[in-house]
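All chains are named by letter (A, B, ...) in the order of the sequence lines, taking the proteins before the strands, and each is independently numbered beginning at 1. Just so you know, these numbers come straight off a predicted model, no measurement behind them.
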Amino acid sequence: MYKGLRRSVALLFTVMGGAAHGAYQLNLQEQQTRIGQDIFDLHTLILAIVAVIFVGVMGVMLYSIVNHRKTAGRQAVQFHENTTVEIIWTIIPFIILVAMAFPAAKTLLAMRDASHPDLTIKATGYQWKWGYDYLQDGVSFYSNLSTPRGQIENKDPKGEHYLLEVDNPIVVPTGKKIRILITANDVLHAWYVPALAVKQDAIPGFIREAWFKVERPGTFRGQCAELCGKDHGFMPIVVEAVEPEKYAQWVAEQKKKQAAAQLDPNKTFTLDELKAHGEKVYAQNCVACHQANGAGIPGAFPGLAGSKLVKGPKEAHIGIVINGKAGTAMAPFGKQLSDVDLAAVVTYERNAWGNNTGDLVQPGEIKALRK
Amino acid sequence: MEAVHHLDHGHEHHPAGIMRWVTTTNHKDIGTLYLWFSFAMFMVGGVMALVIRAELFQPGLQIVQPEFFNQMTTLHGLIMVFGAIMPAFVGFANWQIPMMIGAPDMAFPRMNNWSFWLLPPAALLLVISLFVPGGAAAAGWTLYPPLTVQMGMGMDLTIFAVHILGMSSIMGSINIVTTVLNLRAPGMTLMKMPLFVWTWLITAYLLIAVMPVLAGAVTMTLTDRHFGTHFFNAAGGGDPVLFQHIFWFFGHPEVYIIILPGFGVVSQIIPAFSRKPLFGYASMVYATASIAILSFIVWAHHMYTVGMPVAGQLFFMFATMLIAVPTGVKVFNWLATMWKGSLTFEAPMLFALGFIFLFTTGGLTGIVLSIVPLDVQVHDTYYVVAHFHYTMVAGALFSAFGAVYFWLPKWTGKMYDEKLGKLHFWLSFIFFNLTFFVQHFLGLAGMPRRIPDYALQFAEFNAISSVGAFGFGLTQLLFFYIVLKCIRSGEKAPARPWEGADTLEWTLPSPAPYHSFETPPVVK
Amino acid sequence: MTTSDASRYYLPEPSHWPVTGSVALFCMALGGVLMMNGMVTPGAVSLAIGVAVLVYMLFGWFGTVIRESEAGKYNKQVDVSYRWSMSWFIFSEVMFFAGFFGALFYMRVLSVPDLAGLEQKLLWPEFAGGWPTAGPGAQDPFTPMGAWGIPAINTLLLLSSGVTVTWAHWALKQNKRGQLNLGLLLTILLGICFLALQAYEYVHAYSELNLKLTSGAYGATFFMLTGFHGAHVTLGTIMLIVILFRCLAGHFKPDHHFAFEAVSWYWHFVDVVWLLLFILVYWL
Ligand code: HEA
Ligand code: HEA
Ligand code: CUA
Ligand SMILES: [Cu+2]
């Protein structure tokens with residue numbers, strides 16, 4: 001009977017829920033992992049129980065409202081205090097709770113068992129992007145929101161995956177237990193992919209873990225779930241699950257791409273080369289705060305156009321970019337960017353938006369200034 | 001009741017005009033101040049909620065920038081909790097407790113005045129913070145570091161505002177505890193006190209126990225910001241999660257601070273309009289105390305996703321679920337009180353019934369949240385937002401509306417317009433559900449809270465929610481009108497306008513005399 | 001003013017002291033914020049105004065209370081009210097300190113060992129944990145504060161001050177005014193000695209041990225706990241001085257002296273907190 005109830009409630013929700021991505025979706029997203037499915041069922045069960053409680057309690061109230069009205073000529077019956085009744089209505093909820101606690105604890109224990117992973121990926125939250133390091137396969141990259149600004153500002157029509165799309169999704173093999181080591185670089189973030197039933201806070205200075213095992217290929221979307229400042233709503237997570245062979249291919253490609261993208265730190269670059277590369281680095285790492293026009297956001301983030309520091313001696317400028325400024329949102333980018341990237345972005349800043357200093361910073365200078 | 005009333009006694013050397021309100025030591029004046037202040041803050045916090053809802057009406061950024069959106073969310077939470085709901089109930093306590101226990105006033109009338117007059121400067125600090133460079137604090141009302149360490153000077157203003165609010169609450173609570181323990185009329189034993197007084201006594205203890213802890217937490221934030229300490233910084237051996245533990249050690253009892261006096265109000269209203277005594281008085285008292293005690297050992301259910309050991313998750317899950325038992329006792333008691341009563345449905349009763357209906361909904365979603373695997377799915381999504389608006393708006397706020405309608409005749413000596421009161425209830429009830437019920441679905445489907453813009457699959461429900469919010473807000477203008485109308489041109493109210501009401505305050509004439517019971521009544 | 005027929009209650013007249021205090025706190029808060037955010041001069045002005053108004057308010061308010069007390073307006077009922085309120089005020093202070101002790105416990109028992117644990121090796125490969133520590137990112141080594149020098153002396157000072165204040169209380173109950181004044185004076189002196197040694201200890205910590213507020217978990221908890229305690233001792237000492245002046249002015253009766261008792265309760269509370277500090281911060 002209980003099984004039947006559970007199944008029919010589940011059915012009801014599937015019907016009401018409609019397609020997983022449709023509008024008016026009423027329930028949890030369609031789950032892609034075993035644990036996720038367990039959680040989904042647990043939710044259905046708990047919801048059914050509390051729904052029954054709710055209907056019962058409100059039924060009694062409604063009965064009183066309808067039948068014990070003064071306008072229906074009712075005289076109040078002056079009874080009160082009854083120890084038996086009071087004990088019963090203390091014990092029964094308690095028993096119900098115990099009944100709920102068992103499946104809950106079981107699912108929880110299964111959920112927390114991250115032992116024996118096949119693949120470990122480190123995910124780092126930055127303001128406002130995610131960085132991924134495949135610890136076994138040696139692949140590293142950043143994952144930024146790829147929705148164009150115009151869509152957010154309502155200038156262009158919004159795409160299908162508005163706000164839930166990134167430039168570099170994280171790719172994982174199906175059928176493998178993936179462990180994610182989650183940490184943050186600046187403030188709290190949270191790594192949240194509903195369809196994989198994972199949500200774990202990213203805490204700067206600490207590593208926390210989560211895991212999932214996707215059964216079939218697909219693309220799953222989530223986003224940062226812990227308030228992390230201005231662009232908290234704009235740091236999505238996209239997970240692409242592919243067959244293991246395809247995954248191996250992808251790793252090989254990534255490695256090749258990374259090698260190709262490596263710019264030689266010992267080379268001497270021209271101003272135009274540095275400016276061109278620097279503009280890209282700036283667009284990836286700095287625009288969120290200092291804005292594309294270098295004007296910043298008054299009060300919160302300083303403008304770099306015309307900034308005394310940017311137009312002044314190189315050392316101070318390079319210093320703040322490498323080391324950041326403690327207690328502010330300005331992170332130490334020395335840890336995130338290569339010497340070439342840093343040289344390029346500093347050069348770009350010193351020559352963009354009317355900061356025409358004509359200065360040129362070579363990677364070697366950055367190397368010398370790193371501690 | 002042989003109380004002697006000197007209606008015009010002792011008014012001679014009282015200052016007039018505004019100074020009367022600034023210097024008053026009278027519990028009724030101070031209660032009135034609290035209530036008007038609370039209403040003003042409700043408007044301010046409500047307008048902020050409307051900014052939030054307006055921005056969320058459609059996907060895309062339309063009205064405000066993300067950083068301002070975050071400031072709105074933060075201030076909305078802080079102002080509603082500390083500026084609107086808590087002062088509203090302190091206002092009721094000030095008006096009612098002396099009248100309900102047969103005392104002339106509060107134990108410390110001058111300190112009572114200070115408890116109130118600390119609120120405007122604190123509110124002012126919060127409002128000023130909107131206009132300083134960098135804007136107001138934008139780290140959520142939970143003020144989690146390290147984001148708070150990054151904020152501008154708005155954060156410091158917020159921290160000091162919290163300090164001052166804490167002082168106010170602690171002094172107010174000490175006053176209430178002392179009044180209840182020491183100023184009861186002869187014969188008014190503890191177990192004869194009206195439940196509203198009991199719930200406030202217990203709430204006051206909660207406040208005294210947790211407000212200093214909050215003060216400590218924000219003080220550590222302040223030193224981390226400006227004096228280089230590392231409480232919440234791993235590089236120094238601290239931990240951002242430490243703040244969360246301290247905050248929620250305050251924060252969870254805080255949610256019961258918000259709801260317990262509401263329980264008290266409902267426990268006065270239901271018997272009065274059922275024309276029956278409360279079914280289980282003693283068990284109601286014990287249930288309230290159990291909720292308060294349990295509230296100290298469940299705090300980490302707000303932190304299931306920080307990565308605590310599984311044993312911790314299990315402990316906090318079980319402890320949290322346990323709270324359903326005493327809360328259930330309360331709900332069942334109200335039902336048993338109504339059972340075979342002679343019910344009528346004036347506005348206070350409607351709000352009390354709405355309270356039971358909607359608070360139970362919120363409580364049951366609380367049970368869903370208390371279960372770790374489910375919470376991990378919906379933590380920091382709109383499911384949580386829906387849960388706490390069901391408990392705080394449909395719970396605390398509805399019971400506050402009920403309390404106003406219930407006691408307004410006693411305070412003003414005039415009746416409110418019953419038709420409009422009922423209309424206020426029904427509009428509030430409908431728009432409330434329109435606003436917040438759909439947020440459950442948003443949360444289940446994965447919409448995070450505290451975001452100014454969202455993916456397309458969330459568009460429909462957000463639009464509905466925003467429409468509901470504006471409807472709910474407009475409805476509150478009706479409430480304002482009803483209260484004004486009652487004060488100005490209401491019909492004369494009798495001493496006991498409600499047939500079933502039997503506590504001490506109804507033995508006084510309406511409006512109640514300036515000093516409630518100068519000669520203590522004798523309670524048999 | 002109304003004293004009711006049964007004279008059970010005392011209802012004070014309207015008063016402008018509370019709102020004065022609110023103005024003071026507002027100015028202080030604003031001043032503090034400005035000073036911490038680089039607007040030092042306007043901030044200092046606002047802070048100074050705030051403090052001045054606060055001092056004025058305290059004199060005025062307590063002066064009123066003392067006058068009322070001496071005029072015999074506080075009967076048994078009011079006395080009991082004062083007792084309840086002081087007890088719960090002290091309880092709120094206990095909870096304030098509990099927050100900071102909780103932070104100390106958390107760091108020592110949870111976060112520092114966690115940071116030194118296996119899971120965190122990826123981030124802090126070299127950190128070995130242990131207590132005292134300035135954390136995995138610390139660059140500036142420091143020497144922790146030993147327990148058996150000044151802190152031990154301070155423990156003795158505070159414990160004996162607890163005795164002297166009780167001695168004074170006995171005297172008051174038997175109306176031995178000389179012993180009363182002497183006991184109070186001794187208590188105050190012991191308190192001042194404690195504060196002086198504490199100040200010396202801070203200077204020592206900064207100049208010789210390189211132990212600073214910024215010295216990670218240890219420095220933060222050490223200075224916050226001892227600092228807030230020191231602030232409470234300072235407040236207690238000031239209150240004792242006020243009581244001494246009142247005693248010299250002939251206030252208090254053997255059976256009616258709640259102000260004295262309140263201050264001595266407070267003093268004992270500060271004493272107990274110190275014992276906990278000595279054991280948990282300095283010793284263990
Ligand atoms: C008035 C305020 C109030 C009240 C009363 C409650 C009551 C409860 N709350 Fe809620 N809660 C909040 C305000 C409140 N909450 C707020 C503000 C937040 C979010 C803060 C933030 O992050 O900003 C929050 C968040 C919150 C969370 C964290 C969610 C998250 O962030 O992931 C959890 C998790 O356990 C929770 C649980 C509960 C429970 C179990 C109760 C219980 O007390 C409910 C008990 C009541 C009932 C269960 C119904 C009646 C009982 C019966 C009819 C008996 C039979 C029932 C059973 C056998 C089940 N709450
Ligand atoms: C008891 C406290 C309380 C109350 C009463 C409310 C009331 C309301 N809240 Fe609540 N809310 C919180 C406490 C409260 N809230 C807390 C603690 C948070 C978490 C903050 C955080 O994440 O840090 C929160 C967060 C929160 C969010 C999530 C924000 C986010 O995550 O970004 C939303 C979104 O819909 C919301 C909406 C509303 C609405 C529409 C109301 C309405 O009920 C308000 C209705 C009132 C009015 C509208 C004002 C009165 C009317 C007028 C002034 C007339 C003018 C009106 C018109 C012209 C229409 N609130
Ligand atoms: Cu990152 Cu929110
Ligand atoms: Cu809680």
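- Counted within 6.0 Å of CH2 on C/Trp265, heavy atoms from surrounding residues, nucleotides or ligands total more than 12; the atom is thus considered enclosed.
- When each of C/Gly21, C/Pro136, C/Ala217, C/Gly137 is scored by its heavy-atom pairs under 4.5 Å with chain B, the top score falls to C/Pro136.
- No other option in C/Glu93, C/Met107, C/Arg83 has as many heavy-atom pairs under 4.5 Å with chain B as C/Met107.
- Side-chain contact check for C/Thr221 versus B/Phe231: some heavy-atom pair is nearer than 4.5 Å.
- Minimum interatomic distance between B/Ala234 and C/Leu115 (heavy atoms only, all atoms of both residues): O-CD1, 3.5 Å.
- Each of B/Val213, B/Val132, B/Asp156 has some count of heavy-atom pairs under 4.5 Å with chain C, and the biggest count is that of B/Asp156.
- Of the two parts of B/Leu214, neither the backbone nor the side chain holds a non-hydrogen atom closer than 4.5 Å to a non-hydrogen atom of chain C.
- Interface check for chain C: of the options B/Tyr205, B/Trp117, B/Phe116, the most heavy-atom pairs under 4.5 Å are formed by B/Tyr205.
- Taking C/Val112, C/Val94, C/Leu123, C/Val80 one by one and counting their heavy-atom pairs under 4.5 Å with chain B, the maximum is reached by C/Val80.
- Side chain of B/Thr25 to backbone of C/Pro12: a donor-acceptor contact under 3.5 angstrom is found.
- What you find for C/Leu25 and B/Met167 is that their closest heavy atoms are CD1-CE, 3.6 Å.
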query = Going through the distances and angles, do C/Met39 and B/Met153 end up as a side-chain contact (heavy atoms from CB on, under 4.5 Å)?
reply = CA-CA 11 Å; C/Met39 283 158 269; B/Met153 69 188 281; 3.7 Å; yes
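- Proximity of C/Phe26 to B/Ile128: side-chain heavy atoms (C-beta onward) are separated by under 4.5 Å at one or more points.
- Taken from CD1 in B/Ile164 to OG in C/Ser22, the straight-line distance is 8.0 Å, to the nearest 0.5 Å.
- Here the side chains of B/Leu157 and C/Leu30 are in contact, with some heavy-atom distance below 4.5 Å.
- With values rounded to the nearest 0.5 angstrom, B/Ile170 atom CD1 is found 10.5 Å from C/Phe91 atom CZ.
- By the 6.0 Å contact criterion, CD1 on B/Ile18 is open, its count of non-hydrogen atoms from other residues, nucleotides or ligands being 12 or less.
- Interface remark: of the candidates C/Ser15, C/Ser87, C/Ala116, C/Ser15 forms the most heavy-atom pairs closer than 4.5 Å to chain B.
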task = Carefully, step by step, assess C/Tyr82 and B/Thr178 under the rule side-chain contact (heavy atoms from CB on, under 4.5 Å).
result = CA-CA 8 Å; C/Tyr82 276 129; B/Thr178 310; over 6 Å; no
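- Pairing each heavy atom of B/Phe227 with each of C/Thr214, the nearest pair is O-CG2, 3.7 Å.
- Of all heavy-atom pairs spanning B/Thr229 and C/Ala220, the tightest one is CB-CB, 3.8 Å.
- Remark: C/Leu110 CG to B/Leu242 CG distance equals 9.5 Å, nearest 0.5 Å.
- Between chain C and the options B/Pro133, B/Ala122, B/Pro109, B/Ala161, heavy-atom pairs under 4.5 Å are most frequent for B/Pro109.
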List the atom pairs, with distances to 0.1 Å, where a side-chain N or O of residues 56-67 of chain C and a protein N or O form a donor-acceptor pair under 3.5 Å, not counting sequence neighbours.
from	atom 1	to	atom 2	distance (Å)
C/Thr64	OG1	C/Trp17	NE1	3.3
C/Thr64	OG1	C/Gly60	O	2.7

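- Contacts of C/Met36 with chain B are made by both backbone and side-chain atoms, with heavy-atom separations under 4.5 Å.
- For C/Ala103, the parts lying under 4.5 angstrom from a heavy atom of chain B are both the backbone and the side chain.
- Just one of B/Asn182, B/Ile174, B/Asn175, B/Leu181 meets the side chain to side chain contact (heavy atoms under 4.5 Å, CB included) condition when paired with C/Ser81; it is B/Asn182.
- Taken to the nearest 0.5 Å, the NE2 atom of B/His245 stands 10.0 Å off from the OG atom of C/Ser111.
- Rounded to the nearest 0.5 angstrom, C/Phe228 CZ and B/Thr219 OG1 are separated by 5.0 Å.
- Residue C/Tyr206 places its OH atom among more than 12 non-hydrogen atoms of other residues, nucleotides or ligands, all under 6.0 Å distant.
- If you measure heavy-atom distances from C/Leu213 to chain B, the contacts under 4.5 Å come from both the backbone and the side chain.
- Each of B/Phe250, B/Phe108, B/Phe249 has some count of heavy-atom pairs under 4.5 Å with chain C, and the biggest count is that of B/Phe108.
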side-chain contact (heavy atoms from CB on, under 4.5 Å) assessment of C/Asn37 paired with B/His226 = CA-CA 9 Å; C/Asn37 289 281; B/His226 291 293; 3.9 Å; yes
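- When all heavy atoms are compared, the tightest approach of B/Asp239 to C/Tyr106 is OD2-OH, 3.0 Å.
- Note that CD of C/Gln77 and CG of B/Leu183 are 5.0 Å apart. Values are rounded to the nearest 0.5 Å.
- The residue among B/Thr24, B/Leu119, B/Leu118, B/Asn26 with the most heavy atom pairs within less than 4.5 Å of chain C is B/Leu118.
- For B/Val241, the parts lying under 4.5 angstrom from a heavy atom of chain C are both the backbone and the side chain.
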